[in-house]
Number of protein chains: 2
Amino acid sequence: MLREDVATSPQLLRRMNVGAVLRYALAAQTFLASEVMAATGLTRSTVLGLCDTLVAQGWIDEVADSREAGQYSKGRPARRYRLRDRAGYIVAVDAGQHTVTAAVADLRGTILARTGHTIDGVQGPVRRTAARGAVDSVLAHADVRPEEVFLVVVGVPAPVDGQGHSPAGHDYWQHMNPGFPAVFDDCGRTMVDNDANLAALAEHARNPGLDSFATLLSGERFGAGLVVDGRLLRGRHGGAGEMRLLDIVQGAGSSEGLGFLAREWAVAASKARTLPPGSALAQLPRAQLSAEAVFAAAAGGDAAAQGIVDRLGERLARVAQILVSLLDVEKVIVAGAIAQAAQPVIDKAAAVLDDVFQPPVPELAASTLGADGVVLGALECGLSMLRDEPLSFAPFRPGVAR
Amino acid sequence: MLREDVATSPQLLRRMNVGAVLRYALAAQTFLASEVMAATGLTRSTVLGLCDTLVAQGWIDEVADSREAGQYSKGRPARRYRLRDRAGYIVAVDAGQHTVTAAVADLRGTILARTGHTIDGVQGPVRRTAARGAVDSVLAHADVRPEEVFLVVVGVPAPVDGQGHSPAGHDYWQHMNPGFPAVFDDCGRTMVDNDANLAALAEHARNPGLDSFATLLSGERFGAGLVVDGRLLRGRHGGAGEMRLLDIVQGAGSSEGLGFLAREWAVAASKARTLPPGSALAQLPRAQLSAEAVFAAAAGGDAAAQGIVDRLGERLARVAQILVSLLDVEKVIVAGAIAQAAQPVIDKAAAVLDDVFQPPVPELAASTLGADGVVLGALECGLSMLRDEPLSFAPFRPGVAR
DNA sequence: CTTATTAAATATAGGTTCTAGATTTAGTTA
DNA sequence: TAACTAAATCTAGAACCTATATTTAATAAG
């Protein structure tokens, strides 16, 4: 491969140009030579030659519908090319603490199959088996064989450094990140990353132009994926975005998440019998005092629930204030399964931020991705790696040796 | 110029290779074709052709001392090339609140002249005039004319975004960053950046392998330059590293810096007459109760001064804790003019960090650059821009039209 | 049904750039 | 002075891309 900062030969130039056209194909799926000419500045002869190469390599196909698909056009009909979006596949896995979710997508990012299972245990071996099972299940559903997979991207609830490793010394992290590459050694390359980081990548892909923001997973514990100046922050050991610092922030108190606290505070109020008799929360058995129940009651006007929501909103505002004032992010996206239910909390927090900051006040909003953020981020991570270095993957075609 | 993601022609390939050799020259100053061959993988013919180009453009010279300088060697003596380190110049300016410092360096980064002045006032026009005066002074000392300058890099005590602008709405920031490019319009390109950011770049250049760290300017106010994963963070409006968040951190209290607080607390103790009669601080008139005096007294064993140092150390530890735990930086470098004097404070803070963190404990250390950090960082900023895009500059040679 | 028109595809020639290998050159060493 | 050595130079040759002319495959008009 290339040494760093290295000079190049004509062959390498060809490789660069093949890559440029392939990138265009990945973005456009079906395209004409003229479009590539406009996008790259290359001559028609050159572009057609590059397309020939890509056809030979199995990345694109020539299709015959140049005229039918397009609007009316005079002159000789143009060849039309189409990305072979089944030339390879990307597998995305959210290996959460209690559940594993897997999805398989084609090269355009279209999800072909998706599944979720609970994991019975937190031990590494159990998690490895569960992840492999989920992946085998989606591959079977989508009729994809492991050798057709370009890339497996796994999200885990632990800090992960640039090499996919979690810091030593914490058994929990090693259990959460128990060496997935070995599990998927027949499925192309495997990448492991932190779940909040992947969720942030998903948001980045869905918010064009938003280049500095934080994605705050906020269910049981706070954890942030930080994107500043268009880049995801990792830090020395992958610990960027860990929220232990909240222990020493006034008004934030701890890194426990919104879901956890809503439940705890409701249960505490119930035990302390401070809930007014008329409160909706008082009607529920303690086992059903979930965060969602609290938020729903608050939305219904219940004063006790509203009190909890207000406290949570102030706490969330503190968290957002920290991130915004240290990193100058323009938006904090509250993500995770409870994000949408927590809209009342977010509204309260946004009001607090309005007081804290001079305009322009940073945005605070719930993610629209719900519980799928991590899986979608894993997919996005894989797609962006594909876009960055498409030629480092080899298209799979039945009957053709790789 | 190039469209993004664009394909290339043979001419552009040549340009890339010329750039690669020039980068080598900038790093090596004097070199042989064989070395470039080894570094780039190119043929001798090609490398010599590229060197011819660079000679013609005025970037390098052929020098005759191939044998003399080198160790014994058999065979035909190799041509030796040398960077024309006076093909252009880089001007670095630290436009601080009270003082302006300027330096001019050649392409190798060797400083040719340096000067410092106090600024009489905080108004934009005054600062512009002072900066221009300082630059004219160093240029005259180094016998450099403005048109020979490639790049002027100015550090200011205000947030600065990627375009060199400071956020509107704060008059102070506009005064600090009053449109320097117009002042240096005869000196090549002008770049403006935040002072702490530049100090961080200086540290980055001097600590190879250190890729995630914070540089904490800590004199009158805390301000951090954040480098994570090898990149300087800016944020949406250039506000990354602003330390206003300390207002809500327990034990940190405010964003006032070590120098400010040491002085304030010593004066307060003096006014409250709580200094023991034997204390070295009690001997001093209040106007001389500087931070340096407090640190010196503490080093000399004075108990009252030691008390102040301990309080400062705990506060500094909090600041470092915040940065480390949110960004996973491996080191916090205390910079600014008082950094070295503040060693007792740093020692105290390091001891606190030892308790707070599990191993590996993040490092905390004083910068070795003293008050020059910002100027050196501005120079480093210019050099790295030169290294990234050398061919975007045109060498200056007397008698040759540009 | 033929002809004009149009735009894409193809073919041809030419220029740049790099590589590979043979030959020459400029020194040292014996 | 001759042998040796490694750099420089010279000569082909191959891979690209471009520019321009020619051909081709469609539609539209007469």
Side-chain angles (χ1 to χ4, degrees), chain A residues 2-3 6-22 24 30-56 60 62-81 391, chain B residues 2-3 6-22 24 30-57 60 62-82 391:
Chain A
L2 278 183
R3 265 164 292 190
V6 125
T8 48
S9 63
Q11 287 84 337
L12 193 50
L13 184 140
R14 181 66 168 191
R15 189 182 161 87
M16 290 171 56
N17 286 347
V18 171
V21 176
L22 179 47
Y24 190 92
T30 147
F31 63 96
L32 309 177
S34 317
E35 295 166 8
V36 178
M37 291 166 62
T40 62
L42 294 168
T43 311
R44 164 162 267 111
S45 326
T46 306
V47 171
L48 291 176
L50 295 168
C51 289
D52 285 349
T53 303
L54 288 172
V55 168
I60 61 176
E62 194 174 339
V63 290
D65 59 334
S66 62
R67 220 50 163 275
E68 301 88 81
Q71 56 284 45
Y72 163 75
S73 88
K74 296 180 280 192
R76 177 173 177 172
R79 284 186 184 179
R80 180 166 290 267
Y81 296 95
L391 294 176
Chain B
L2 279 182
R3 266 165 292 192
V6 123
T8 47
S9 64
Q11 287 84 338
L12 193 50
L13 183 139
R14 181 67 169 189
R15 191 182 161 87
M16 289 171 57
N17 286 348
V18 171
V21 176
L22 179 48
Y24 190 92
T30 146
F31 63 97
L32 310 176
S34 317
E35 296 165 7
V36 178
M37 291 167 63
T40 62
L42 294 168
T43 311
R44 165 162 266 113
S45 326
T46 306
V47 170
L48 291 176
L50 295 167
C51 289
D52 285 349
T53 303
L54 288 173
V55 169
Q57 293 182 354
I60 61 176
E62 194 175 338
V63 290
D65 60 334
S66 63
R67 218 49 162 279
E68 302 86 83
Q71 56 286 44
Y72 163 76
S73 86
K74 296 179 280 192
R76 177 173 177 170
R79 283 186 185 179
R80 180 166 290 266
Y81 296 95
R82 182 169 53 204
L391 294 175

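By convention in this document, chain letters (A, B, ...) are assigned in the order of the sequence lines, proteins followed by strands, and residues within each chain are numbered from 1.
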TODO: Scan for salt bridge (Lys or Arg N to Asp or Glu O under 4.0 Å) pairs involving residues 43-52 of chain A, sequence neighbours excluded, and state none if there are none.
DONE: A:D52-A:R79

Atom [atom1] of [X] and atom [atom2] of [N]: how far apart are they, to the nearest Å?
X     : N      : atom1 : atom2 : value
A:L48 : C:dA7  : CG    : C1'   : 13 Å
A:L13 : D:dA14 : CG    : C1'   : 14 Å
A:L42 : C:dA9  : CG    : P     : 15 Å
A:R14 : C:dT17 : CZ    : P     : 19 Å
A:L12 : C:dT19 : CG    : P     : 11 Å
B:Y81 : D:dA7  : OH    : P     : 13 Å
A:L32 : D:dA26 : CG    : C1'   : 15 Å
B:R15 : D:dC17 : CZ    : C1'   : 18 Å

- [ ] Applying side chain to side chain contact (heavy atoms under 4.5 Å, CB included), name anything that partners A:E35, two or more places apart in sequence or on another chain.
- [x] A:Y24, A:F31, A:L32

Task: Residues in side chain to side chain contact (heavy atoms under 4.5 Å, CB included) contact with B:S45, at least two apart in sequence or another chain - done: B:T43

[X] vs [N]: side-chain N/O to OP1/OP2 distance below 4.0 Å:
X     : N      : result
A:T46 : D:dC16 : no
A:R79 : C:dA8  : no
B:R44 : D:dA8  : yes
A:N17 : D:dC17 : yes

Task: Between CD on residue A:Q11 and CG on residue B:L13, distance to nearest 0.5 Å - done: 10.0 Å

Hey, what are the protein-to-nucleotides 19-24 of chain D N/O distances that come in under 3.5 Å?
from   : atom 1 : to    : atom 2 : distance (Å)
D:dT24 : O2     : A:R76 : NH1    : 3.4

Open item on the list: Pick the closest DNA chain D nucleotide for A:Q11 and for B:Q11 by heavy atoms, then say which residue is nearer the 5' end.
Closed with: A:Q11

Open item on the list: To check you understand the geometry: which heavy-atom pair defines the closest contact between B:C51 and B:V21, and what is its length?
Closed with: SG-CG1, 4.3 Å

Task: Close side-chain approach of B:L42 to B:L50, heavy-atom, < 4.5 Å - done: yes

Open item on the list: Quick check: do B:L54 and B:Q57 have side-chain heavy atoms less than 4.5 Å from each other?
Closed with: yes

Task: Minimum-distance nucleotide (side-chain atoms of B:K74 versus D:dA26, D:dA6, C:dT16) - done: D:dA6

